[in-house]
Amino acid sequence: MEGKIWRYHFTTFLGYAWEWKEKYGGIILQQLRKLGCSLDWDRTSFTMDPDYYQSVIKVFNDLYAKGHIYRGKRMINWDVRAKTALSDEEVIYKEVQSKLYYIRYRIDTGSESQHEYITVATVRPETIMGDTAICVNPNDERFKHLHGKFAYVPLINRRIPIIPDEYVEMDFGTGALKVTPAHDINDYQLGQKYQLEIIDTMNDDGTMSDAAQIFIGEDRFDVRKKIIPELEAAGNLVKIEDYTNQVGFSERTDAVVESRLSLQWWVSMKAISEPALKAVNDDEINFHPAKFKNLYRHWMENIKDWCISRQLWWGHRIPAYYLEDGSFEVAHSLEEAFEKFKSQNSKIKIEDIKQDEDCLDTWFSSWLWPFEVFKGLSNPDNAEVKYYYPTNTLVTAPEIIFFWVARMIMAGYEYQGKKPFSDVYFTGIVRDKQGRKMSKSLGNSPDLLGLIDQYGADAVRFGIMIASPAGNDLLFDESSLEQGRNFNNKLWNALKLLKMWEARQSDLGTDLQNDFAINWFENRLNTVKAEVEILMQQFRLSEALKIIYSLVWDDFCSWYLEWIKPGFEQPMDSAVYQRTVTYFEELMQLLHPFVPFITEEIYHLLGEQTEDLCVKQNQPINSANESITAAGELLKNVISALRDARNKNQLKPKETIKLHIQTENVSEYQAIEKILAKQVNAEKTSFTTEAIANSIVVAIEKDKFFIETEKVLDATTLKAELLKDLEYQTKFLQSVTIKLSNERFVQNAKPEVVELERKKQADAAARIKTIEESLGNLN
RNA sequence: GGGAGCAUAGCUCAGCUGGUUUAGAGCAUCUGCCUUACAAGCAGAGGGUCCGCGGUUCGAACCCGUGUGCUCCCA
């Protein structure tokens, strides 16, 4: 009856499971589309699809035939009420008030008259009949004399060894541990280590088995009550203490979960993991970040066999078929199993055969992914698998490096004779602001579609990518999405400005200032393109995005566009305009992988395009000219310093100044004179050979800038500023000088490093001279 | 218990051959601006015993040792 109910539930459950898959699988795909993931949507694949399913079964049969799959015992969670195994997720741990029983075991002293005991503490006295050893810490002085001796299990008088192992905590209980390999996971492992006997004293309904010798057929909790008076009567009970411990309960029936040994299916990993270890060791396959290589190597070198049977209702059912007597065959189908059985015994009927109730570990299907999505196993050597396999890059989470990545590599070599991919990019885990994992129970998962509605898909992508260096967890914070949204807004506004200029074009001829700006930005663009190229090859996506962000916002918008901006309602030179459009297009192409929607849109709004950005190939990168870049940097420094000086002297932005430049490189400054004037709101600029009285002095390298203004200047403020700068420069010069006067430094350091220090020294000295002159000028 | 990693500005993090760094970014903070693309903005500024201690080196945020605190994976 119960079986029928379960079967009914099972069928209903399967229906729901498929419904769930359709609904939520669909939602996930929908989210990916909304996020702008550039994927081949006609090729979605599912491990439960019929072809894929058959391949999983095929692999099981194949590995079994090769001797890589075997049956072996394993400790599982057992629900005595439902008489079923439970997965770890189905066990709920609760804190329970229990008793800790101190029970003494008589030691085999070799003499009947000489009595000695060892006392153990346990919360489960009903399991003592399954004891096959007592374990003590080897460093525990109290028990050193007992190592290698034997003790007798109370009531049944079985003789068991006393073994030393570091596993035992000296401080807990009495420092001596009873070892029951059949009923406790830790004891089981100890048992494996010392090859202890395993005595299963419990039936599948939680009653004592024949092996228990006493209380046979009685429930484990009744026995726990009844055994205490008997132990007391026999003189084995020392004391009872109150104790609080964690006990596992079945999620399904609320019964106390028992650990129980059960026959499970295993994959022997040694042989099939070897090529996979080698591939990563020899950099056939590269991990990003590389730190995961060590982790992988360590795991692969100490690899344990893989338990592939799971007590689950949904998945690929294990293709093992049983007869009533427990004999079994592994086969591709019931019919094939029937044939196999029939060849041994012609009387077997197909109704007598029962397929294994367990399902395969989900990774046992997933590990075939890289080739079976192209039907590389169900339809070997087809055109697609030949074209796509090995694939390029796997993007996944570091937490499944063993579950999935390692096993895909193994399966790749085992079934295709080749690696499945060349690079593996590990993303971080998204956590909330407090660093907690996203989870349903905490309710802290962001609603992706909601965020996309609020900020836009590009902003969400930007926010996540700017904050997620490879392999590091990412703390989800909406402020980075806001940054993304603001950035997108900036792009729109830049477009708006260009569109304004487009309408105001005119052929104005060449201009020194514009040429400077154009050359400089082209250099910046090429520099950044080259940097991005390297960063992308290294999978350092957030770094790449950061430098593009800064190129767009700072260099393009804040500097370049301002430098070429015509005066109020003035025409825009069409050649300059065209160059600017080209730059903007290139910026959009650089940004496109990060923010695909807005960049594609702007790209097409900038002009007639022959193709879409999402398929447009990158052009070769031109090399940058360093002296042009340096000239641009100098200009930026001068502008910032002059603006700072204006601010510090409380000049309103609207107040104009007269700027006097004292420099040895007049021609260099002539090329940027107008830009400079525009950027610091100077009504007039001129070159001078001597200091200008009653002006604000700004020193940059060897050059001096005098700001002449209508405003009455506060000499004390000016002086204070200069003195502050002087102090800084003096200290700096001092540290550089000390360094340079160190003979060992000059001898050992690379020549270019020494040269650089000399330049720093000279610059600082010149700067100090300038400041001192300016100070003299103030008095 | 085994393994891996992290500790840098108020917050989140870069800083990947030790020397263009008396340490950088974003956000936050402060000051001044409704400047004719953009206030979701512009122009500036302040802010750090690079976790503690010891060592290697001409030179350490970076390499080594050690202590402390935290995180993750596996059991």
Side-chain angles (χ1 to χ4, degrees), chain A residues 165-167 169 185-186 189 289-299 302 304 398-403 428-429 431 433 435 437 455 459 463 466-480 482-501 534-535 538 540 542-543 546-547 549-550 553-554 557-558 561-562 565-570 639-648 650-654 678-681 728-729 731-736 738-750 752-757 759-760:
Chain A
D165 191 279
E166 308 254 336
Y167 168 72
E169 283 178 49
I185 179 70
N186 296 308
Q189 279 160 6
K291 66 178 177 186
F292 290 114
K293 186 176 167 179
N294 281 336
L295 192 68
Y296 178 86
R297 187 194 302 128
H298 186 267
W299 192 76
N302 298 286
K304 297 200 176 76
E399 67 211 33
I400 54 176
I401 182 167
F402 309 127
F403 291 141
I429 302 166
R431 296 171 177 279
K433 243 178 162 176
K437 266 191 188 179
Y455 293 97
I466 197 97
S468 52
N472 282 352
D473 288 356
L474 131 81
L475 270 75
F476 182 80
D477 186 345
E478 283 194 32
S479 73
S480 66
E482 214 169 302
Q483 194 190 345
R485 182 198 59 186
N486 294 353
F487 183 52
N488 292 335
N489 192 43
K490 188 76 181 176
L491 295 177
W492 279 120
N493 280 308
L495 177 71
K496 197 169 134 194
L497 179 63
L498 259 74
K499 284 289 150 189
M500 238 177 69
W501 289 346
I534 291 165
L535 289 170
Q538 297 172 335
R540 293 166 61 191
S542 67
E543 291 288 301
K546 275 178 189 169
I547 64 170
Y549 173 83
S550 168
W553 199 306
D554 302 330
C557 293
S558 296
L561 290 181
E562 293 300 331
K565 188 186 265 181
F568 184 51
E569 290 187 344
Q570 296 295 304
I639 293 169
S640 291
L642 292 173
R643 281 170 172 172
D644 185 27
R646 288 185 57 121
N647 264 341
K648 290 225 165 79
Q650 290 164 335
L651 290 179
K652 294 277 174 202
K654 278 183 179 165
K678 185 160 63 182
Q679 293 271 275
V680 300
N681 197 16
Y728 178 92
Q729 293 298 333
K731 273 192 188 167
F732 181 66
L733 178 65
Q734 210 175 15
S735 77
V736 177
I738 288 170
K739 207 171 186 179
L740 279 167
S741 56
N742 182 341
E743 265 176 49
R744 286 188 294 182
F745 168 71
V746 181
Q747 274 168 18
N748 296 320
K750 281 181 269 179
E752 57 267 35
V753 174
V754 178
E755 194 45 50
L756 187 77
E757 292 299 315
K759 186 176 182 299
K760 279 195 210 164

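Here is how names work: the chains are called A, B, and so on, in the same order as the sequence lines, proteins then strands, and each is numbered from 1. The analysis underlying the following values was restricted to heavy atoms, covering all of them including side chains, and did not include hydrogens, waters or symmetry mates.
A tilted orientation is assigned to the rings of A:Trp553 and A:Tyr549, their planes being inclined by 30° to 60°.
Atom CD1 in A:Ile401 sits roughly 17 Å away from atom P in B:rG3 (whole-Å rounding). Rounded to a whole Å, the CD atom of A:Glu752 is 19 Å from the P atom of B:rG59. Atoms CG (A:Leu733) and P (B:rU22) sit 13 Å apart, rounded to a whole Å. Going from atom CD1 of A:Ile547 over to atom C1' of B:rG24 covers 14 Å, rounded to whole Å. For A:Tyr549 and B:rC13, the OH to P distance is 18 Å, given to the nearest whole Å. Here B:rC58 presents its C1' atom at 9 Å from CD of A:Gln747, a figure rounded to the nearest Å. Separating the NZ atom of A:Lys760 from the C1' atom of B:rU22 is a distance of 9 Å, rounded to the nearest angstrom. The interatomic distance linking A:Ile738 (CD1) with B:rU22 (C1') rounds to 12 Å, in whole Å.
Across the C1' atoms, B:rA61 and B:rC51 are found 12 Å apart, a figure rounded to whole Å. On the P atoms, B:rG26 is 23 Å away from B:rC33, given to the nearest whole Å. Atom C1' of B:rG19 sits at a distance of 14 Å from the matching atom of B:rC63, rounded to the whole Å. Taking atom C1' on both B:rC11 and B:rA28, the two are 7 Å apart, rounded to the nearest angstrom. Of the P atoms belonging to B:rG44 and B:rA25, the separation is 13 Å, rounded to the nearest Å. When the P atom is compared between B:rU31 and B:rG47, the two are found 16 Å apart, to the nearest whole Å. Straight-line distance between the C1' atoms of B:rU36 and B:rA14: roughly 38 Å, to the nearest whole Å. Distance check on atom P: B:rA9 versus B:rG41 gives 25 Å, rounded to whole Å.
The closest side-chain heavy-atom distance from A:Asn486 to A:Lys490 is not below 4.5 Å.
A:Leu295 comes within contact range of the sugar-phosphate backbone alone, with a heavy-atom separation under 4.0 Å but no base atom that close. A:Phe403 comes within 4.0 angstrom of the backbone, heavy atoms only, and of no base.
With a 6.0 Å radius and a threshold of 12 heavy atoms from other residues, nucleotides or ligands, A:Gln747 has its CD atom above the threshold. Remark: A:Lys499 NZ is packed, more than 12 non-hydrogen atoms of other residues, nucleotides or ligands lying under 6.0 Å away. In A:Gln650, the CD atom is not crowded: 12 or fewer heavy atoms of neighbouring residues, nucleotides or ligands sit closer than 6.0 Å.
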Secondary-structure string, 5' to 3', Watson-Crick or G-U under 3.5 Å, | for another-strand partners, for RNA chain B: (((((((..((((.....[....)))).(((((.......))))).....(((((..]....)))))))))))).
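Taking both residues in full, the closest heavy atoms of A:Lys546 and A:Ile466 are given as CG-CD1, 3.6 Å, listed atom of the first, atom of the second, then distance.
Of the candidates B:rC58, B:rC13, B:rG2, B:rG2 carries the atom nearest the A:His298 side chain, counting heavy atoms from C-beta on. Checking B:rC33, B:rC58, B:rG19 against the side-chain heavy atoms of A:Lys652 singles out B:rC33 as nearest.
Mapping A:Lys546 and A:Lys304 onto RNA chain B via the closest heavy atom, the residue that lands nearer the 5' end is A:Lys546. Looking at which nucleotide of RNA chain B each of A:Glu543 and A:Gln729 is closest to, the 5′-most match is held by A:Glu543.
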May I have the step-by-step check of side-chain contact (heavy atoms from CB on, under 4.5 Å) for A:Asn488 and A:Tyr455, ending in yes or no? CA-CA 10 Å; A:Asn488 292 335; A:Tyr455 293 97; over 6 Å; no
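Checking side-chain atoms of A:Arg643 against main-chain N and O of A:Gln679 turns up a donor-acceptor pair under 3.5 Å. Although no hydrogens or angles enter the test, the distance criterion places a donor-acceptor pair under 3.5 Å between the side chain of A:Asn493 and the main chain of A:Asn489. Checking side-chain atoms of A:Lys678 against main-chain N and O of A:Lys565 turns up a donor-acceptor pair under 3.5 Å.
Stacking of A:Trp299 onto the six-membered ring of B:rC74 is not present when judged by under 5.5 angstrom between centres and under 30° between planes.
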Mark up nucleotides 34-48 of chain B, 5' to 3', with B wherever a protein heavy atom is under 4.0 angstrom from a base atom, S wherever such an atom reaches only the sugar-phosphate, and - elsewhere. --BBB-BSSSSS---
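In this structure, A:Asn647 has no side chain to side chain donor-acceptor pair (under 3.5 Å) partners at least two apart in sequence or on a different chain.
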